[in-house]
Number of protein chains: 2
Amino acid sequence: MKATIYDVAREAGVSIAAVSQVINGKGKISEERRAEIMRVMERLNYQPSVIAAALTGKKTYTLGLLVPDISNPFFAEIARAVEDQGHSLGYSLVICSTDNKDERVERYLSLLQQKSVDGMIIGTGMDNKEMLKPLLENSIPIAMIAREMPGHDVQTVITDDFAGGRLAAEHLLGLGHTRLAVLAEQLKVSSSRERIRGFRQRLAEAGIDLPDDRVLASGDALVKDGKRKATELLQRAERPTAIFCCNDLLAIGALQAAKELGLRVPEQLSIVGFDNTILATVTEPPLTTVSQPTEEMGKLAVDLLLSQLKKEEGGSRRTVLQPELVTRRSTAAPSNE
Amino acid sequence: MKATIYDVAREAGVSIAAVSQVINGKGKISEERRAEIMRVMERLNYQPSVIAAALTGKKTYTLGLLVPDISNPFFAEIARAVEDQGHSLGYSLVICSTDNKDERVERYLSLLQQKSVDGMIIGTGMDNKEMLKPLLENSIPIAMIAREMPGHDVQTVITDDFAGGRLAAEHLLGLGHTRLAVLAEQLKVSSSRERIRGFRQRLAEAGIDLPDDRVLASGDALVKDGKRKATELLQRAERPTAIFCCNDLLAIGALQAAKELGLRVPEQLSIVGFDNTILATVTEPPLTTVSQPTEEMGKLAVDLLLSQLKKEEGGSRRTVLQPELVTRRSTAAPSNE
DNA sequence: TTGAAAGCGTTACCAG
DNA sequence: CTGGTAACGCTTTCAA
């Protein structure tokens, strides 16, 4: 049986108020009483109940994190960064993998609310943006991470996806590519849309058009879908010489497709990924990819969330971090077959 | 402001007891009252407080998961499996990355206890096994996953690491290797120890000795340490023709070391990994590795934990799942240089 | 300094 | 069926 504050009080021969004070280091207590109480707490292996404390109006010291899939290395990294920053500030982290499904998002949102988390960090997209409404109304602190939700007044930490797309285009253009294609996640994912937009814009500036039929969206099985879509692209008459993939998982799919079709990377096909996850470093060839500062993003999101929690300052700062192109060996000048 | 059960009761003109009943679907209430109450709950966007409910003795519907590092793909996969099974049963998951540090383990253990989680799944090792004692005494349900804690009476779900080690040895032996080496995690990790033991035993059966100086343990930076240790191994006079790595991350380090030294894999060096994470499929060459059924393990761990929670049945079943060797292209017969 | 007592939002038991 | 009312474990006035 877990010991309660009453047990401690009784054993120490004081009131529960006294015990509460030493727990929270508040109020005035004589040194000897405090020492005695601490001794009893120790002996009873007393652990104050966060639950009960939360009920009294205090916080639960728990944060929620919504991501599409925790087993996706990019989000696992984000999660680790969020966990670390939260932990250092005394918060625990509940993870929620949504698979980008509105129904799951909704379920988790409601669950987290019922559990009175002190705030939620959202790194998943949703079709129905109205879902956040009730949270905002209940004034539950929210921060978006790596994903945007325009029109809602929420803190947001993202890397400049648009710039990232441009970076990729710039690189490919510089190498001399003109027949390009894009592999994206579901188009409801805001970051994918932005990346494509940036990519496209930069191409346009170079006078290159990227027709819609060269932008393929995939489903949830990123690697598998990426491979399938890439295969489709690569078998077209006008085979692209370079593919920009909206994340590393898709890029891996593309890499596999190329291998299966006997196409050499980067000689016959250049591939650019996004996220710079550990995956990008282990493929062969290692992936040229656009890197996001996951650690910084996680830390920032937590800080923003908590600052929102402290002051009533609900302002929606939009913090944009800059991506970087990491050049590895999956890209090269197109061959003149 | 969040609506409470009182608000609902007032609006609906009933007692809070009535509201509580419709929330929990218990007791008897006339259909019309129930309908009216539900309507009000809807209108007020009422979310019952799990916190308050938990205080009255019910459960928190929250589970804790301790792993070394959520950004390690193997544990991310485990986490996803645990999350899914938990979620389908109504439980949320708090993740805790321990970095295999006792101090972090202890902190998290205590934190989870204070938050009254209904149970904890532990997939991290610890030097001081006494740390679990207080939990057991407070009869908090615990299940170990992918890791053992001999001497303690806890539910455990593991894959047969010993057999996994044998599998790796068997494979390498069959290929004709005789000069072997091992890259392990910290030796306090029980699974690593078992894998090595199995590996060694199988070698012994073939009359091959594996001296201790051929078994190198790494620190926490798995890939980096693996690379460093592998480099060390490969520069020895008696260069091994095959390395068995206790997980895929280490194997990747070994792969990188080999590349850097200009050694071809698998021609000049065979590498076997462990875990069969997504990483094993994307390296070049793709890794031959020992696979663990992560999904099944996660599901099982949750089920075991919850069954423990329901019945007072604290029995310590030890569930052992069988690993499988997945042969890819990082292993081959040794060359006769 | 110290302690008594009033909540916090729910559940559950017990009279109506 | 329905409503009153003790808990649950802790925090926080408010007196003493």
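Every chain is numbered from 1, with letters handed out A, B, ... down the list of sequences.
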Do [Y] and [X] meet the salt-bridge criterion of a basic N to acidic O distance under 4.0 Å?
| X | Y | value |
| --- | --- | --- |
| A:E130 | A:K133 | yes |
| A:R318 | A:E148 | yes |
| B:K299 | B:E296 | no |

Grab the [atom1]-[atom2] distance between [X] and [N] for me, whole Å please.
| X | N | atom1 | atom2 | answer |
| --- | --- | --- | --- | --- |
| A:I23 | D:dT12 | CD1 | C1' | 13 Å |
| B:E36 | D:dT2 | CD | C1' | 16 Å |
| A:K26 | C:dT2 | NZ | C1' | 17 Å |
| B:I5 | D:dG4 | CD1 | P | 13 Å |
| B:I16 | D:dT2 | CD1 | C1' | 13 Å |
| A:M41 | D:dG9 | CE | P | 17 Å |
| B:Q21 | D:dC1 | CD | P | 11 Å |
| B:L55 | D:dT11 | CG | P | 12 Å |

B:P141 pairs by side chain to side chain contact (heavy atoms under 4.5 Å, CB included) with which of B:L305, B:L304, B:L306, B:L63?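 Considering B:L305, B:L304, B:L306, B:L63, a side chain to side chain contact (heavy atoms under 4.5 Å, CB included) with B:P141 is found only for B:L305.
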Classify the angle between the aromatic ring planes of B:Y91 and B:Y61 as parallel (below 30°), tilted (30 to 60°) or perpendicular (above 60°).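 Geometry flag for B:Y61 against B:Y91: tilted rings.
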Would one find a side-chain N or O of [X] under 4.0 angstrom from OP1 or OP2 of [N]?
| X | N | result |
| --- | --- | --- |
| A:S30 | C:dT2 | yes |
| B:K28 | D:dT2 | no |
| A:R10 | C:dG3 | no |
| A:S15 | C:dT2 | no |
| A:R33 | C:dT2 | yes |
| B:N24 | C:dT10 | no |

Side chain of B:T4 only, please: which of C:dG9, D:dT11, C:dT11 is the nearest? C:dG9
Out of C:dA12, C:dT2, D:dC10, which nucleotide sits closest to the side chain of A:I29? C:dT2
Compute whether any side-chain donor of one residue and acceptor of the other, for A:D69 and A:S71, lie under 3.5 angstrom apart. yes
Can you tell me if B:R147 and B:S190 form a side-chain donor-acceptor pair at under 3.5 Å? no
For DNA chain C, whose closest nucleotide is more 5', that of B:T56 or that of A:A18?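 Whichever sits nearer the 5' end wins; that is A:A18.
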Please list, by residue number, the residues of residues 42-49 of chain B whose heavy atoms come closer than 4.0 Å to an atom of DNA chain D; answer none if no residue qualifies.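 DNA chain D contact set from residues 42-49 of chain B: none.
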Between B:A52 and B:A17, which has a closest nucleotide on DNA chain D that is more 5'?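 Its nearest nucleotide being more 5', the pick is B:A17.
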Side-chain contact test, heavy atoms from C-beta onward, threshold under 4.5 Å: evaluate it for B:K115 versus B:V94 and give yes or no. no
Under 4.0 Å between any heavy atoms, over every strand shown, what does B:I51 touch: base, sugar-phosphate, or nothing? Just pick one.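 If one applies the 4.0 Å heavy-atom cut-off, B:I51 turns out to touch nothing in the nucleic acid.
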